[in-house]
Participant: 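Before anything else, here's the structure in question.
Letters A, B, ... mirror the listed sequences (proteins, then strands); counts begin at 1.
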2 protein chains.
Amino acid sequence: MKLSSRTRYGMRAMLELALEYGKKPLQIKSIADREDISNKYLEQLIAMLKSSGLVRSVRGPRGGYMLARPPQDILLKDIFVTLEGPILPVECLQHAEYSPHCTDCATRQIWDEIQGAIMGVLQSRTLKDLVDKTGQSRESKNYQI
Amino acid sequence: MKLSSRTRYGMRAMLELALEYGKKPLQIKSIADREDISNKYLEQLIAMLKSSGLVRSVRGPRGGYMLARPPQDILLKDIFVTLEGPILPVECLQHAEYSPHCTDCATRQIWDEIQGAIMGVLQSRTLKDLVDKTGQSRESKNYQI
DNA sequence: AACTATACTACTATAATACTGGGAATACAG
DNA sequence: CTGTATTCCCAGTATTATAGTAGTATAGTT
C-alpha cells in the first residue's frame, strides 16, 4: 500500500505545469531539474499523463508540455488513477456476487470502503488547490528567459 | 498503492480467528486450508500479528492460535498497520517543516489526508463487525472434531 | 519416548518499480 | 534546406518488495 514514486513524481510534475499554466510550454528538462527527478523517467510519466488526456505537447524548439485543461478542471483523482491504477487487482475469485459467509467477500467490503475514502479525498481537490498552496512564493520568481 | 496479499491474507486469517474466538485454538493448517493460503507463508504473517500482540499461541498438540483480545477490541487498523506499514516511507527530504513553495510539501499534505482517510475507515471498524457480517452462516457449521 | 504443533532462519522465484540509453520523428530558426 | 531543440518510441537493466519454500529447532501432550 505504499505510494509509488511514479505517482509522487507525476503529481509534482503536474503541479509544475499548473504553476506555469497559460505561459510558454515547459520542457521535460526544466521540470526534471526543478523537481530533481530523472529526465528519462519523467519523460515516461508525462507520456502516461499525455495519453490519458491531461497534458498536451508541442514538439521542436521552444516546445514542451502544458496542461490540456485549466488547473481547476483537473481533479487530483485524474492524475492518481492514471499513474497508480486501482487498489484491488481482481474481484473475489470465488463469487461473482456477495456471499455472506465468505471471508474474502467480507474483507473486500472494507477494501472497497478504503478505496472510496481515498477517491473521496482526490475527487474533492483539483490542481488549482495545490497551486493556491504553492503559488504565492513562486509568482515572484521568473523561470522564463 | 496496491493492497498486498500479506494484508489481505492476514485480515482473513484474523477473521477466522475471530469466528472461533472463545473456542479451542486454531492451527495454521486449518486456517490455511479454509482460506486457501500457503501454509508456510501464513505462518509468517501470523508471526507478525503475534509480535504486535494481536494473537496468542499455544504450542504442542491441540495447540494453535487465538486472538489475544475479544474481536470487538481489535481495530482493523491494528491489523492493517502491522502488516502493511505506513503509506509514505519518509518525510520531505528538503524540509523538516512545511515550506509553502515546495511542491513536495504541498503534495505531501494530500498524501497525509489520504492516509488519514484510510485510517478513518480502519479505526471505525473492529473484527467484531466482520464477524457479524460473516457469522450467521458459519454458526451452523461445525469445524471441530 | 513419540508425536504434534509452533518458532525460527534462511533461501528462492517472480513481479513491479525505477531507472538508463539510443535513435527516430517533428518543428522551428537561420 | 540545414542544423538543432525538442518530443516520441522502444528496448534494456538494476533494484527492491512481495510471495512463497524448505529445513530444523523447540516446546508441550500423551
Side-chain angles (χ1 to χ4, degrees), chain A residues 1-13 17 20 24-33 35-52 54-68 82-90 93 144-145, chain B residues 1-13 17 20 24-33 35-68 82-90 93 145:
Chain A
M1 203 90 188
K2 283 210 166 25
L3 191 66
S4 66
S5 296
R6 185 164 61 229
T7 300
R8 286 187 292 113
Y9 293 171
M11 193 64 81
R12 289 178 10 224
L17 290 176
E20 227 68 2
K24 295 289 175 192
L26 254 185
Q27 290 84 27
I28 288 276
K29 193 175 177 319
S30 312
I31 304 175
D33 285 353
E35 292 291 333
D36 196 36
I37 300 171
S38 145
N39 224 290
K40 281 295 201 174
Y41 190 41
L42 181 60
E43 188 183 303
Q44 293 172 34
L45 307 189
I46 302 241
M48 297 174 74
L49 294 162
K50 203 196 154 198
S51 40
S52 68
L54 299 173
V55 163
R56 289 194 312 119
S57 65
V58 178
R59 295 171 83 152
R62 301 206 138 244
Y65 296 92
M66 63 203 74
L67 295 185
T82 295
L83 298 168
E84 198 71 34
I87 286 174
L88 285 181
V90 286
L93 301 171
Q144 324 254 127
I145 307 152
Chain B
M1 201 87 186
K2 283 211 167 28
L3 190 65
S4 66
S5 296
R6 187 165 59 231
T7 300
R8 287 188 292 113
Y9 293 171
M11 193 63 81
R12 300 203 327 250
L17 290 176
E20 225 69 3
K24 294 289 174 193
L26 255 184
Q27 289 86 26
I28 287 275
K29 191 173 178 323
S30 312
I31 304 175
D33 286 353
E35 293 291 333
D36 197 36
I37 300 170
S38 146
N39 224 291
K40 281 297 203 173
Y41 190 40
L42 180 60
E43 186 183 308
Q44 293 171 37
L45 307 189
I46 302 240
M48 297 175 75
L49 294 162
K50 203 195 154 197
S51 41
S52 69
L54 299 173
V55 163
R56 289 194 310 119
S57 65
V58 177
R59 295 173 82 154
R62 299 205 138 247
Y65 296 93
M66 63 203 74
L67 295 185
T82 295
L83 298 168
E84 198 72 35
I87 287 173
L88 286 181
V90 287
L93 300 171
I145 307 152

Participant: By a strict heavy-atom criterion of less than 4.0 Å, which residues belonging to residues 43-51 of chain A are in contact with DNA chain D?
Facilitator: A:E43, A:Q44, A:K50

Participant: Give the rounded distance in Å between these two atoms: OH of A:Y41 and P of C:dT17.
Facilitator: 8 Å

Participant: With rounding to the nearest 0.5 angstrom, report the CG to CD1 distance, A:D33 to A:I28.
Facilitator: 11.0 Å

Participant: Please give, in whole Å, the distance from C:dA5 P to B:K40 NZ?
Facilitator: 14 Å

Participant: A:R59 CZ to C:dA29 C1': how many Å, rounded?
Facilitator: 18 Å

Participant: Would you kindly give the CG-to-C1' distance between A:L83 and C:dC19, to the nearest whole Å?
Facilitator: 16 Å

Participant: Within this structure, what is the CG-to-P distance between B:L42 and C:dA5, rounded to whole angstrom?
Facilitator: 15 Å

Participant: Has A:S38 got a side-chain N or O lying under 4.0 Å from the OP1 or OP2 atom of C:dA18?
Facilitator: no

Participant: Given side-chain contact (heavy atoms from CB on, under 4.5 Å), test B:L83 with B:M11 step by step and report yes or no.
Facilitator: CA-CA 9 Å; B:L83 298 168; B:M11 193 63 81; 5.9 Å; no

Participant: Kindly indicate, with the supporting measurements, whether the criterion side-chain contact (heavy atoms from CB on, under 4.5 Å) is fulfilled by A:R12 and A:I37.
Facilitator: CA-CA 10 Å; A:R12 289 178 10 224; A:I37 300 171; 4.2 Å; yes

Participant: Could you list where the contact with chain B starts and ends along DNA chain D, reading 5' to 3', using a 4.0 Å heavy-atom cut-off?
Facilitator: D:dT18 to D:dT29

Participant: Quick check for you: to the nearest 0.5 Å, what is the distance between B:T82 atom OG1 and B:L54 atom CG?
Facilitator: 5.0 Å

Participant: With a 4.5 Å cut-off on side-chain heavy atoms, are A:L49 and A:L17 touching?
Facilitator: no

Participant: Which is more 5' along DNA chain C, the nucleotide nearest A:R6 or the one nearest A:G60? Just name the residue.
Facilitator: A:R6

Participant: Within this structure, what is the NZ-to-P distance between A:K2 and C:dA18, rounded to whole angstrom?
Facilitator: 12 Å

Participant: Specify the separation, in whole Å, of atom CE of B:M1 and atom P of C:dT17.
Facilitator: 13 Å

Participant: Between A:K2 and B:P86 (side chain of the first, backbone of the second, donor and acceptor by atom type, cut-off under 3.5 Å), is there such a pair?
Facilitator: yes

Participant: When the nearest nucleotide of DNA chain D is assigned to A:V58 and to B:N39 on a heavy-atom basis, which residue is associated with the more 5' position?
Facilitator: A:V58

Participant: Is there a donor-acceptor pair under 3.5 Å between the side chain of B:E20 and the backbone N or O of B:P25?
Facilitator: no

Participant: Mind checking the NZ-CD spacing from A:K50 to A:E43? Nearest 0.5 Å is all I need.
Facilitator: 11.5 Å

Participant: In Å and rounded to the nearest 0.5 Å, what is the CG to CD1 distance from B:N39 to B:I31?
Facilitator: 10.0 Å

Participant: Roughly how many Å is it from CD1 in A:I37 to C1' in C:dC19, rounded to a whole number?
Facilitator: 12 Å

